[in-house]
Q: 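Take a look at this one; I'll ask things after.
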Amino acid sequence: MSGEEEVCEVLEQDQEPEATGPGQFYEVSEAKAKKSRTSRSSRAGLLFSISRVDRMLRRGHFAERIGAKAPVFLAAVLQWVTRETVDVAGKIAKKSKQHCISPSHLQGAMQKCSVLRHLLRGDVLGCVSSAGPQRPRVASPSKKKMTKSKKRCPTQRRALARSAAAI
């Protein structure tokens, strides 16, 4: 017996038995035993990092509890807003025959797209302010030609403004 034959015999003895029927032991391939790691972003089909958004939400102390789907949704919204902004800014840059998007193109994109303008202005549909309705401003007399007799203390000015608003 040579050295090669001994090695072959030892390898044949170490092999696991193959499955011969249902319920019997069978060998699981090593590729299936190790789980392939896929990021949450790739599973959701997003380019923005869901893990990073999740970390920022938790570190920001915005809420006591954060659901598993919240960072996914927020990352999708951020990606959509960015895509829309860059898309419109790119069209503006192409129209002005420039190869790079400048800050003025981004600003123009915000002004041109009504959805982005509405979104970034801060208006939320159905949101009611707790401060109450604002009163219209009343034009005050010019300060240049105001004499001491016409000057009033702040409480008198407020009372005058209320009476003018009621009219």
Side-chain angles (χ1 to χ4, degrees), residues 11-12 14-140 142-143 154-155 157-158 161-162 164-166:
L11 289 177
E12 290 174 2
D14 289 343
Q15 289 181 352
E16 297 288 330
E18 293 182 19
T20 55
Q24 291 187 356
F25 177 78
Y26 62 93
E27 186 177 340
V28 177
S29 68
E30 290 182 25
K32 288 186 179 178
K34 293 180 182 178
K35 288 186 179 179
S36 60
R37 293 182 181 227
T38 57
S39 66
R40 291 191 283 175
S41 300
S42 64
R43 276 187 269 160
L46 296 174
L47 297 175
F48 274 46
S49 173
I50 293 172
S51 299
R52 183 172 293 161
V53 171
D54 190 18
R55 186 176 66 240
M56 298 290 183
L57 279 174
R58 292 184 192 285
R59 285 186 184 170
H61 300 291
F62 297 107
E64 224 175 276
R65 299 169 64 183
I66 297 171
K69 293 180 183 176
V72 178
F73 185 78
L74 184 57
V77 169
L78 289 172
Q79 181 175 324
W80 175 81
V81 169
T82 305
R83 182 177 167 266
E84 281 292 313
T85 306
V86 171
D87 189 35
V88 175
K91 288 178 183 176
I92 292 172
K94 190 175 182 181
K95 195 175 185 180
S96 62
K97 297 180 182 177
Q98 293 181 355
H99 296 287
C100 296
I101 296 174
S102 67
S104 61
H105 295 137
L106 291 170
Q107 190 174 13
M110 299 298 169
Q111 293 170 359
K112 186 176 180 182
C113 186
S114 62
V115 175
L116 292 174
R117 189 177 345 116
H118 183 75
L119 179 69
L120 297 173
R121 187 172 49 187
D123 291 344
V124 179
L125 296 174
C127 181
V128 179
S129 173
S130 61
Q134 293 183 350
R135 296 181 197 114
R137 293 190 174 205
V138 179
S140 61
S142 80
K143 294 182 178 181
T155 54
R157 275 188 249 145
R158 274 188 247 137
R162 283 189 203 130

Q: Quick one: pull up CZ in F48 and CG in L74 and give me the separation to the nearest 0.5 Å.
A: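 F48 CZ to L74 CG: 10.0 Å, rounded to 0.5 Å.
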Q: Using side chain to side chain donor-acceptor pair (under 3.5 Å) as the criterion, list what pairs up with S42, not counting sequence neighbours.
A: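 Partners of S42 under the side chain to side chain donor-acceptor pair (under 3.5 Å) test: S39.
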Q: Which heavy atom of A89 sits nearest to which heavy atom of A109, and what is that distance?
A: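 Where A89 meets A109 most closely, the heavy atoms are N-CB, 3.7 Å.
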Q: Distance from I92 atom CD1 to H105 atom NE2, nearest 0.5 Å?
A: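 Between atom CD1 of I92 and atom NE2 of H105 there are 7.5 Å.
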Q: With rounding to the nearest 0.5 angstrom, report the CZ to NZ distance, R117 to K112.
A: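 Those atoms lie 11.5 Å apart.
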Q: For the residue pair A93 and S96, what are the closest heavy atoms and their distance?
A: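 Taking A93 first and S96 second, the nearest heavy atoms are O-OG, 3.1 Å.
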Q: Closest approach of L47 and Q79, non-hydrogen atoms and distance?
A: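 Result for this residue pair: N-OE1, 2.8 Å.
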Q: Tell me, do Q107 and Q111 make a side-chain contact under 4.5 Å, heavy atoms counted?
A: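 Side-chain contact under 4.5 Å: yes.
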Q: Extract all donor-acceptor atom pairs below 3.5 Å that involve side chains of residues 55-65 and protein atoms in other chains or at least two apart in sequence.
A:
| residue | atom | partner | partner atom | Å |
| --- | --- | --- | --- | --- |
| R58 | NE | D54 | OD1 | 3.0 |

Q: Show the nearest heavy-atom pair for residues V86 and I101, with the distance to one decimal.
A: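 Distance-wise, the nearest heavy atoms are O-CD1, 3.9 Å.
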Q: Could you measure the distance from the CE atom of M110 to the CD atom of E84? Nearest 0.5 Å is fine.
A: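 Here the rounded value is 10.5 Å.
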Q: Rounded to the nearest 0.5 Å, how far does CG of L106 lie from OG1 of T85?
A: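 With rounding to 0.5 Å, OG1 (T85) is 7.5 Å from CG (L106).
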Q: Considering non-hydrogen atoms only, spot the tightest contact between P71 and V53 and give its length.
A: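 For P71 and V53, the tightest heavy-atom pair comes out as O-CG1, 3.8 Å.
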Q: Excluding sequence neighbours, so at least two apart, what forms side chain to side chain donor-acceptor pair (under 3.5 Å) with S49?
A: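 By the side chain to side chain donor-acceptor pair (under 3.5 Å) rule, S49 matches no residue at all.
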Q: Roughly how far, to the nearest 0.5 Å, is the CD1 atom of I50 from the NZ atom of K69?
A: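 K69 NZ to I50 CD1: 12.5 Å, rounded to 0.5 Å.
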